[in-house]
Asks: 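This is the structure I want to talk about, given as structure tokens.
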Amino acid sequence: MLFDENRTEESEITSPKFSKERLTFFVEVILPVPVEGKFTYRVPMELNGMVREGARVVVNFGKRRVLTGVVARVHQEAPKTYSAKYILELLDEVPVVYQSQLVFWEWLAEYYMCTIGEVMNVALPSGLKLSSMSRVQLNPNFEHLQQQYGVLLTAKEQLLLDHLQGDSSLTFDQIGEILQVKNIYAIIKSLLFKEAILVFEEIKEKYKPKIVKKIRLSKQYLADREVLTDLLNALKSHKQQDVILKYLTEISIDAPENIHLQGLPKSVFTKGGISESSLQTLIKKNIFEEFEVIVSRFQEFENEELNTIKLSNYQQEKVNEIMQFFEADNALQKNTVLLHGITGSGKTEMYIEVVNKMLAQGKQVLFLLPEIALTTQIVSRLKKVFGIKLGVYHSKFSDNERVEVWKGVQDGRFPIVAGVRSSIFLPFNNLGLIIVDEEHDPSYKQYDPAPRYNARDVALVLAGIHKAKVLLGSATPSLESYYQAKQGKYGFVSANKRFGDAQLPEIQLVNMSIERKKKTVKYNFSSLMLASIDENLQKKEQTILFQNRRGFAPHLSCEECSWIPTCMNCAVSLTFHLYSNELRCHYCGYREAPPSACLSCGSTKIKTVGFGTEKIEDELKLIYPEAAIQRMDLDTTRSKYSYQTIIEDFTNRQIDILVGTQMVTKGLDFDFVSLVGVFDVDRLIHFPDFRSHERTFQLITQVSGRAGRKDKKGTVLIQTSKPQHPLLERIISHDYEGFYEDESIERQKHFYPPFSRIITITVKSDEQTLAIEAANELAQKLKVALGAGRVLGPEAAMIEKIRNQYLQNIMIKLERDKINLKAVKELIKEQMQGLTSNKKYKLLQIVPNVDPM
Ligand SMILES: [Zn+2]
Ligand SMILES: [Zn+2]
């Protein structure tokens, strides 16, 4: 929507002489700050008629900050109580953010109880935000001055100059951080006086398109063949003739002009044995001309032949069922469909078929994937089908790459995007379908910073704005989605046959209590587990072992007095890592060397307690020194490609046994895995969270799905001390429906989602008593405002202290229906604001989390 076109035109027509003087425009600007609301600025006269909704502007915020914001609204109402500052600069004549995105941002801010600025901050790639602060650099002449006059510097001044060595420049904010002082102006002023530094203003776009220099024949030689022949004859140097001949073999001058305009990169010539100097001579003679083109960072797949997919009859049937829901023009029509497809049913192929149908209608498609699955097989499969039409949006990408996907969606180059949760913020304007693969995956939920959104849930809202469809898919749907399907709110399609009639694996429980009594457990392995691994190694088949805990041992403990080393910043024990020989905190990253003696009693008898992936790996290497063993967890996959490398090595059978955390459970298909082993399942089941059963069912089913493919039936062994647990019964019989029934009864009984909605409020303070006191006060107020039955707590968070912040949680449980959610959130916000307006709680952080996972 263009705000003022009509108005401007109209006024220009009616009073052309005065309109420009008379009209004063104001804009409501969204700024990336955690302050409620939008900010009013005045449009300078020369920009009248140019500022549009969705365009970026640069403005002053506070005393010395310069920020980029997005214009949400243009109007003529001057603020009544203050005079608005002018916009400093307009960055876009064509908006970079669509109206539909602004609507979406507003919705997110309201639903997830954060500011629209916080939404903007996450939504825009930082390449579209500006580096717009004043910067400080070293004065190149200063060294000379220093030698001549011996300028005296204070310690702080010297510290700052040290940081400015080399070519670096610093923003005022960075300087504040380095010097640890609030008012840096005195120091900067003094250094300017001493001519030690220079200050400059820099406002420039961070995004840099990838530019390639190319060469083409100058236009005058394209007229006809004779001109060219003359040219070749006129050239005396053979080398120069070769350049022209090479050019003509690569690019036909008979072809349409735009092909010629694409030119050739220099490397085509130099690789063909042509000397750089002949090329330069021809450029100097104006026979060739050099020019620059912006190229895609995603061109690698351009020339590959694209695959088409072939569906089985069964898969085709399922696709038809999905499309019937989407296309029905009666009451059966559903905007959202849940596809419950067991592992190995070929969900990806079905998705592709549905995507093809949407693309054929000229619609855009967003394909959401959980964080970790993205770098792997599924994306390369999609690339092979969709080629250059597919944009990929990933958190490990550089910012330039993200901006390029953003622009590619806007200019229509990427009608389909596969991406992680933040790709819901891309500038779609013709969205037809959102696929949410592995919809149950917790990585769709963002924890920090705000907005704490769940991309799966938000996909439905985004689709609503665009009148698009949503296809949720999973082998183990979330309780929430399955519930909605049962209620008839979503269409439901079940694909319970594996592709090519492969069989589901056989899942067996290994009773660790009995094995322990019989003393047949070696390290952490049951005799059955070892025998099966043995057999598998002999058959040259692969094994996956799953233990959802990284490191060597969850903690150390003194044998004499039971002392346990804990983190100095968090209320958790430190995890022992054998390879790096250190103790690490998995919450704040704190590290220290393992103690040689107990810090409490001085005893040197310190033992490890429990086991993580590192210990399993270590023990395996002792038992099978010949086998190729690899570990896959957060510690072994930190670099950009390490994850991919491990997957490739495993696919190529260079690894016999893969040990890992939940990373090994997701979205991977291997042909030669016939055994999956699961450790410590009891700890998963009894994890103190109402979703622990659901998580366990999902994780074990997903990892089990890795076993057995095609004609081979796989085996899954689960080590447990409580084999009679009803959840395990459901898991071994592949009984999702039964699991859902059991779990629904529990959730209903305790009024948990999907039967209720939850909002948690975390009160954070570096003082424990203050956190408790404030949380108590807030809980009391909320109980009055919302009814005591709806408010639980406060209680200390499961980990009471993280990074020196004490955490107190309040849980609010709300009915699903018959409640005005918007009004409730307003009430909660009021109480939160009321609390922080009290002076003593001023430094508290209060964090609401809507629909926590
Ligand atoms: Zn001790
Ligand atoms: Zn810590």
Side-chain angles (χ1 to χ4, degrees), residues 177 180 371 395 442-443 445-450 452 547-615 631 633-639 661-663 680 683-684 687-689 692 760-772 774-775 793-809 843-847 849 852-853:
E177 255 164 53
Q180 289 297 314
E371 190 71 34
S395 59
S443 77
K445 170 83 177 175
Q446 167 145 324
Y447 289 86
D448 260 320
R452 294 175 176 80
Q547 159 67 345
N548 206 24
R549 179 168 242 175
R550 69 194 165 96
F552 188 84
H555 58 266
L556 300 181
S557 174
C558 170
E559 278 191 40
E560 303 284 337
C561 74
S562 306
W563 170 78
I564 292 171
T566 53
C567 177
M568 59 190 291
N569 309 314
C570 314
V572 287
S573 57
L574 292 167
T575 301
F576 176 52
H577 287 249
L578 180 72
Y579 288 91
S580 49
N581 191 36
E582 60 187 3
L583 294 173
R584 274 189 221 162
C585 173
H586 286 183
Y587 288 85
C588 73
Y590 170 79
R591 306 160 177 231
E592 64 179 38
S596 48
C598 171
L599 291 191
S600 171
C601 76
S603 161
T604 51
K605 284 186 189 164
I606 293 177
K607 60 178 181 184
T608 62
V609 180
F611 62 102
T613 45
E614 216 182 56
K615 193 168 192 182
R631 173 162 55 94
D633 54 29
L634 210 56
D635 299 313
T636 62
T637 55
R638 285 194 201 273
S639 66
T661 54
Q662 53 176 309
M663 276 190 191
D680 220 1
R683 195 176 56 86
L684 284 178
F687 188 77
D689 182 281
S692 65
T760 59
I761 295 172
T762 305
V763 178
K764 297 185 185 178
S765 169
D766 49 10
E767 275 177 64
Q768 189 175 22
T769 46
L770 203 66
I772 294 172
E795 58 181 342
M798 193 155 43
I799 293 159
E800 192 184 356
K801 184 176 84 165
I802 295 180
R803 292 192 180 92
N804 286 318
Q805 293 274 310
Y806 290 88
L807 313 179
Q808 290 284 321
N809 283 337
L843 293 173
L844 281 184
Q845 253 185 296
I846 305 178
V847 180
N849 188 355
M853 288 282 281

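Predicted model, so just to flag it, every value in this text is computed and none were measured. Start at 1 and go down the list; that is how both ligands and their atoms are numbered.
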Asks: Counting N and O atoms only, with roles assigned by atom type, does the side chain of E800 sit under 3.5 Å from a partner on the main chain of A797, one being a donor and the other an acceptor?
Replies: no
Asks: Sub-3.5 Å donor-acceptor pair from the side chain of D766 to the main-chain atoms of N804, do we have one?
Replies: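 It does not hold such a pair.
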Asks: Can you run down the salt bridge (Lys or Arg N to Asp or Glu O under 4.0 Å) pairs that involve residues 551-574, sequence neighbours left out, and say none if there aren't any?
Replies: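 Residue pairs with at least one partner in residues 551-574: E560-K605.
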Asks: Report, as a single number, the protein N, O or S atoms less than 2.8 Å from the Zn ion (ligand 1).
Replies: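 Protein N, O or S neighbours of the Zn ion (ligand 1) under 2.8 Å, waters not counted, come to 4.
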Asks: Can you see whether N809 engages T762 through a side-chain donor-acceptor pair at a distance of less than 3.5 angstrom?
Replies: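 The criterion, which ignores hydrogens and geometry beyond distance, is satisfied for T762 and N809.
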Asks: So which protein N/O/S atoms does the Zn ion (ligand 2) have within less than 2.8 Å?
Replies: C567 SG, C570 SG, C585 SG, C588 SG
Asks: Just by distance, do the side chain of Q768 and the backbone of A771 share a donor-acceptor pair under 3.5 Å?
Replies: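 It does not hold such a pair.
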Asks: Taking the side chain from T661 and the backbone from R550, do they hold a donor-acceptor pair closer than 3.5 Å?
Replies: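 Pair absent, no side-chain N/O of T661 close to backbone of R550.
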Asks: Measure from the side-chain N and O atoms of K445 to the backbone N and O of R452, and report whether any donor-acceptor pair falls under 3.5 Å.
Replies: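 Yes, the answer is positive, given that a donor and an acceptor are paired below the 3.5 Å cut-off.
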Asks: Can you establish whether the number of heavy atoms outside L843 located under 6.0 Å from its atom CG is more than 12?
Replies: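 No.
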Asks: How would you list, by chain and number, every residue that makes a side chain to side chain donor-acceptor pair (under 3.5 Å) with Y590, sequence neighbours excluded?
Replies: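 With neighbours one apart ignored, the set is E592.
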